[in-house]
Amino acid sequence: MNRRTFLAWVTVGTLASSFPMALAAYSSSENTDNIASRPDGFIPAGTIKELDENGSILNSELPVLIIRNPENKQEIFAVDPTCPHSDCMVEWEPSKKEFGCPCHTSQFMPDGEFIRGRADQGLTPYIAKIEGNIILVKPS
């Protein structure tokens, strides 16, 4: 193999190996653009159908956990599902009408307010609203 052929193969190999990184960077910025596309700051996080079928919606891109208010089914609550104590993901426990942290048993009200456990504060609440069949969340 002569020097020119060798350099050509090295160049092609370098370009081919950097293509996945360029593609990932483009995809990442494209996803960010889609998330922040509304001028009012609200982000689509799920649908009413999805919420009714599953009982809750976990959107890990935001991150947000959405539930219906157990006391008023026309109202929804959206919170950051990350427990402030140890960064575990809380889960909605419909039978108890509260969020529970599986790591150290902290408990939170449906609106994210702290009840008891090792956490020292509540879950971060988000503003949420329904437009048609879409649930919109405005991260704070």
Side-chain angles (χ1 to χ4, degrees):
M1 177 182 297
N2 65 29
R3 182 175 180 216
R4 181 172 285 166
T5 305
F6 175 75
L7 290 175
W9 279 109
V10 168
T11 303
V12 169
T14 302
L15 290 173
S17 66
S18 64
F19 180 71
M21 290 184 287
L23 185 61
Y26 175 75
S27 297
S28 166
S29 68
E30 186 176 278
N31 289 343
T32 304
D33 292 343
N34 288 340
I35 287 177
S37 63
R38 287 181 56 120
D40 61 2
F42 280 91
I43 300 167
T47 65
I48 292 296
K49 181 180 178 186
E50 184 181 3
L51 180 60
D52 290 341
E53 287 175 357
N54 301 324
S56 64
I57 296 174
L58 175 62
N59 184 318
S60 57
E61 289 180 26
L62 295 178
V64 65
L65 183 55
I66 303 163
I67 61 159
R68 284 196 183 269
N69 180 347
E71 305 302 321
N72 178 0
K73 297 294 183 189
Q74 302 306 312
E75 187 178 37
I76 56 174
F77 290 126
V79 298
D80 183 329
T82 309
C83 180
H85 171 248
S86 63
D87 292 337
C88 291
M89 298 296 273
V90 299
E91 299 168 352
W92 175 242
E93 299 174 1
S95 62
K96 296 180 180 180
K97 298 182 181 178
E98 63 188 35
F99 293 106
C101 179
C103 295
H104 297 104
T105 66
S106 291
Q107 296 168 308
F108 307 89
M109 300 289 290
D111 63 357
E113 185 179 328
F114 176 69
I115 301 173
R116 66 178 103 27
R118 289 190 171 176
D120 59 356
Q121 62 185 11
L123 302 172
T124 302
Y126 294 142
I127 299 170
K129 67 180 182 176
I130 300 170
E131 280 186 5
N133 188 38
I134 305 295
I135 298 171
L136 300 167
V137 175
K138 187 173 189 176
S140 39

Fill in: Within-4.5 Å side-chain heavy-atom neighbours: Leu65 and Ser56
yes
Worksheet entry | Nearest-0.5 Å distance, SG of residue Cys83 to CG of residue Leu123 | 7.0 Å
Item to complete: Report the distance from atom CG of Leu51 to atom CD1 of Ile130, rounding to the nearest 0.5 Å.
Response: 7.5 Å
Discussion item. Grouping I, L, V, M, F, W and Y whenever their side-chain heavy atoms are under 4.5 Å apart, do Leu58 and Val90 come out in a common cluster?
Written reply: yes
Practice prompt. Identify the heavy atoms of Val79 and Pro110 that sit nearest to each other, and give their distance.
Written response: CG1-O, 4.3 Å
Worksheet item: Does CD in Gln74 sit with more than 12 non-hydrogen atoms of other residues, nucleotides or ligands closer than 6.0 Å?
Response: no
Item to complete: Without swapping roles, check the side chain of Ser106 against the backbone of Arg118 for a donor-acceptor pair under 3.5 Å.
Response: yes
Worksheet item: Are the two sulfur (SG) atoms of Cys88 and Cys103 closer than 2.5 Å?
Response: yes
Discussion item. Any heavy-atom pair between the side chains of Asn59 and Ile66 that's under 4.5 Å?
Written reply: no
Discussion item. Here's a test for you: under ring-ring contact (aromatic ring centres under 6.0 Å, His included), which of Phe114, Trp92, Phe108, Phe77 qualifies with Phe99?
Written reply: Trp92
Worksheet item: Taking atom NZ of Lys73 as the centre, does the number of heavy atoms from other residues, nucleotides or ligands within less than 6.0 Å exceed 12?
Response: yes
Worksheet, complete the sentence: Scanning both residues in full, the closest heavy-atom pair of Pro84 with Ala119 reads CG-CB, 4.1 Å
Item to complete: Hey, could you give me the CD1/CD1 distance between Ile57 and Ile67, rounded to the nearest 0.5 Å?
Response: 11.5 Å
Practice prompt. Decide whether Ile76 and Ile43 are clustered together by the hydrophobic rule: side chain heavy atoms of Ile, Leu, Val, Met, Phe, Trp, Tyr closer than 4.5 Å, transitively.
Written response: yes
Worksheet item: For the atom pair NE2 (His85) and CD (Gln121), what is the distance rounded to the nearest 0.5 Å?
Response: 11.5 Å
Item to complete: May I ask you to decide if Asp40's main-chain N or O and Lys138's side chain share a donor-acceptor pair within less than 3.5 Å?
Response: yes
Worksheet item: Which atom names give the shortest non-hydrogen contact between Asn133 and Lys49, and what distance separates them?
Response: OD1-N, 3.5 Å
Worksheet item: Is the number of heavy atoms from other residues, nucleotides or ligands within 6.0 Å of CE (Met89) greater than 12?
Response: yes
Item to complete: For residues Arg68 and Asp52, determine if any side-chain heavy atom of one lies less than 4.5 Å from a side-chain heavy atom of the other.
Response: yes
Fill in: side chain to side chain donor-acceptor pair (under 3.5 Å) partners of Gln107, counting only residues at least two apart
Glu98, Arg116
Item to complete: Working to the nearest 0.5 Å, report the span between NZ of Lys129 and CD1 of Ile134.
Response: 12.5 Å
Discussion item. Within this structure, what is the CD1-CD distance for the pair Ile48 and Glu131, rounded to the nearest 0.5 Å?
Written reply: 11.5 Å
